[in-house]
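First the structure, in the form of structure tokens, and then the observations on it.
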Protein chains: 2
Amino acid sequence: MKTLDVSEYLDLESRSLDALAPRQRILKTASELFYRNSIHTVGIDRIIAESGVAKMTFYKHFPSKANLAATYLRHKSALWFDMLATATEQAGPAPLDRVLAIFDALNASFQAPTFRGCPFVRGLAEFGPDAETPEVQATLAAYFHDLRKFVASLVQPLKLKNQESVVVQILALIQGSLVNAQAMRGGVEPLATRDAAKVLLEAAVQRG
Amino acid sequence: MKTLDVSEYLDLESRSLDALAPRQRILKTASELFYRNSIHTVGIDRIIAESGVAKMTFYKHFPSKANLAATYLRHKSALWFDMLATATEQAGPAPLDRVLAIFDALNASFQAPTFRGCPFVRGLAEFGPDAETPEVQATLAAYFHDLRKFVASLVQPLKLKNQESVVVQILALIQGSLVNAQAMRGGVEPLATRDAAKVLLEAAVQRG
DNA sequence: CGAGATATATACAGACCTGTATGTATCTTG
DNA sequence: CAAGATACATACAGGTCTGTATATATCTCG
């Protein structure tokens with residue numbers, strides 16, 4: 001997992017727009033618009049208008065829209081991994097609890113009225129393999145790589161024989177619960193995927 | 001599950017382009033372009049050019065691009081449910097086998113070099129709640145509703161106490177394995193989610 | 001054959017897109 | 001205070017987008 005400078009991203013959420021420097025104001029506005037709608041349906045002009053910034057200022061800070069999109073994704077990734085680290089650490093030392101804390105964190109984020117699914121799955125949908133935006137695609141690939149590494153680091157202490165399979169199962173439950181929450185807002189048993197992860201982990205532990 | 005006329009969609013895949021009537025030719029071309037890339041990044045002009053059809057002919061058959069997008073999604077839905085029905089029926093009468101057949105079908109489709117993830121998850125990513133395309137959004141909602149009903153109909157014979165939770169778990173594994181396959185092409189244990197479904201179903205049966 | 005439907009070719013309107021050019025104001029800092 | 005960096009406002013170039021208009025050709029079928 002590459003280290004990432006989160007200083008740029010962390011307090012973007014709490015501060016109000018006009019208390020931020022132009023670059024942060026652009027990033028905050030773009031982040032909300034990109035996530036609420038989609039990247040392709042939000043134009044530079046709208047981001048500039050809503051962030052109250054001049055066009056030249058925008059292009060001084062972000063050389064292209066693709067670079068802004070990649071920065072937005074890195075921003076979301078930093079926030080998400082920060083939340084994951086906090087949640088798993090607070091869950092105590094037991095590996096099982098730490099993995100299950102992921103699903104508690106997910107369920108909490110589903111409650112937000114602004115929840116719109118996983119930014120990275122949605123990014124994959126918009127920027128497929130044929131898209132000519134290498135920075136965006138590299139950012140997406142890095143996220144999925146890092147998430148897998150993170151889950152593996154939580155599962156690793158269990159010393160399971162088939163660790164790779166269990167990691168893939170947990171990842172599937174994570175992504176699947178995100179899709180479920182996005183596709184059927186509320187009409188879904190919130191604890192179901194958490195319970196599933198518990199059953200799978202306990203079964204894997206028993207098998208050794 | 002609403003009945004759907006699949007006659008328009010079924011043999012679209014096998015026949016060559018110039019053996020099809022204009023409407024089918026447009027739909028086949030659009031389907032491939034939309035799925036390989038995305039809906040927003042493929043323009044009407046490109047679909048017209050590659051399907052070898054005049055612009056007026058296109059707008060005679062499809063009143064708008066949104067209508068074509070919805071038709072594309074219905075096309076994908078019909079193919080997918082048709083494949084699911086075949087796979088589950090061929091799996092025999094045992095409910096467990098029938099559910100697991102879903103994952104065998106999924107793993108088979110992951111092998112195709114044209115695989116690009118779930119068209120409906122990707123559709124959600126492009127057409128969020130704020131998009132002004134009611135036909136597309138209704139088609140997406142119908143798909144997720146139908147998939148849930150389908151899984152429920154497979155689980156129902158098991159007469160489980162917590163059937164709703166098990167259905168949600170299976171759905172999460174389905175969507176999660178689709179995301180995994182799209183995000184980490186090949187670098188994933190193919191049988192992991194199938195095994196997970198088996199463990200979860202057996203545990204649920206034991207609990208009654 | 002002949003008429004109506006269907007498909008074709010091409011041009012165009014109007015809106016939106018990303019990115020640049022030009023010039024002015026404000027803010028920081030030595 | 002003065003100078004350089006930073007941000008502002010506005011206009012514009014060149015491209016793409018969806019959808020329409022106009023006129024011609026081909027195909028079906030009574």
Side-chain angles (χ1 to χ4, degrees), chain A residues 8 15-31 33-34 36-73 123 126-128 130-137, chain B residues 8 15-31 33-34 36-73 123 126-128 130-137:
Chain A
E8 178 178 15
R15 296 198 193 165
S16 79
L17 251 197
D18 49 346
L20 292 169
R23 184 175 214 275
Q24 315 283 1
R25 237 177 341 170
I26 295 166
L27 183 52
K28 180 179 167 77
T29 305
S31 186
L33 287 174
F34 283 164
R36 192 187 314 265
N37 303 275
S38 80
I39 296 176
H40 285 319
T41 55
V42 175
I44 293 290
D45 286 347
R46 185 171 173 198
I47 294 168
I48 286 164
E50 296 199 15
S51 60
V53 141
K55 201 160 195 174
M56 282 310 291
T57 306
F58 172 85
Y59 278 102
K60 175 159 284 181
H61 288 290
F62 299 95
S64 67
K65 182 185 178 180
N67 177 265
L68 175 65
T71 307
Y72 149 70
L73 290 169
E126 289 198 78
F127 297 86
D130 292 11
E132 287 159 6
T133 49
E135 190 183 0
V136 171
Q137 281 144 318
Chain B
E8 177 180 12
R15 298 199 193 167
S16 79
L17 252 196
D18 48 346
L20 292 169
R23 183 175 214 278
Q24 317 281 359
R25 238 179 340 173
I26 296 166
L27 183 53
K28 180 180 169 76
T29 305
S31 186
L33 287 174
F34 283 163
R36 191 186 317 264
N37 303 276
S38 79
I39 295 176
H40 285 319
T41 55
V42 175
I44 293 290
D45 285 349
R46 185 169 173 202
I47 294 168
I48 286 166
E50 296 199 16
S51 61
V53 141
K55 202 161 197 175
M56 283 309 291
T57 306
F58 171 86
Y59 278 102
K60 173 159 285 179
H61 288 292
F62 299 95
S64 68
K65 183 185 178 180
N67 177 264
L68 175 66
T71 307
Y72 149 71
L73 289 169
E126 290 200 78
F127 298 87
D130 293 11
E132 287 159 5
T133 49
E135 189 183 0
V136 172
Q137 281 144 318

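Chain letters run A, B, ... following the sequence lines, proteins first, then strands; residues in each count from 1. These values consider heavy atoms only, across backbone and side chains, with no hydrogens, waters or symmetry-generated copies.
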Contacts of type salt bridge (charged side-chain N to carboxylate O under 4.0 Å, His left out), residue A:Lys55, not counting sequence neighbours: A:Asp45
Can you name the residues that form a salt bridge (charged side-chain N to carboxylate O under 4.0 Å, His left out) with A:Arg36, not counting sequence neighbours? none
Tell me every residue that passes side chain to side chain contact (heavy atoms under 4.5 Å, CB included) with B:Ala54, counting only those two or more places apart in sequence or in another chain. B:Thr57
Contacts of A:Ala30 that satisfy side chain to side chain contact (heavy atoms under 4.5 Å, CB included) - sequence neighbours left out: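 Checked A:Ala30 against side chain to side chain contact (heavy atoms under 4.5 Å, CB included); matches are A:Phe34, A:Ile47, A:Leu68.
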Residues which pass ring pair (Phe, Tyr, Trp, His ring centres under 6.0 Å) with A:Phe58, listed by chain and number, not counting sequence neighbours: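 Testing A:Phe58 for ring pair (Phe, Tyr, Trp, His ring centres under 6.0 Å), a comparison that skips the adjacent residues, returns A:Phe62.
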Those residues at least two apart in sequence (or on a different chain) that pass ring pair (Phe, Tyr, Trp, His ring centres under 6.0 Å) with A:His61 are none
Counting only pairs under 3.5 Å, give me each side-chain donor-acceptor contact of residues 37-44 of chain B, with atom names and distances, residues two or more places apart or in other chains.
{"unit_1": "B:Asn37", "atom_1": "ND2", "unit_2": "B:Leu33", "atom_2": "O", "d": "3.2"}
{"unit_1": "B:Ser38", "atom_1": "OG", "unit_2": "B:Thr41", "atom_2": "N", "d": "3.3"}
{"unit_1": "B:Ser38", "atom_1": "OG", "unit_2": "B:Thr41", "atom_2": "OG1", "d": "2.8"}
{"unit_1": "B:His40", "atom_1": "NE2", "unit_2": "B:Glu126", "atom_2": "O", "d": "3.3"}
{"unit_1": "B:Thr41", "atom_1": "OG1", "unit_2": "B:Ser38", "atom_2": "N", "d": "3.4"}
{"unit_1": "B:Thr41", "atom_1": "OG1", "unit_2": "B:Ser38", "atom_2": "O", "d": "3.4"}

Each nucleotide in nucleotides 6-21 of chain C should get exactly one letter: B, S or -. Can you fill that in based on protein heavy atoms under 4.0 Å? -SBB--------BBBB
Scan nucleotides 13-15 of chain D against the protein and return all N/O pairs shorter than 3.5 Å with their distances rounded to 0.1 Å.
none

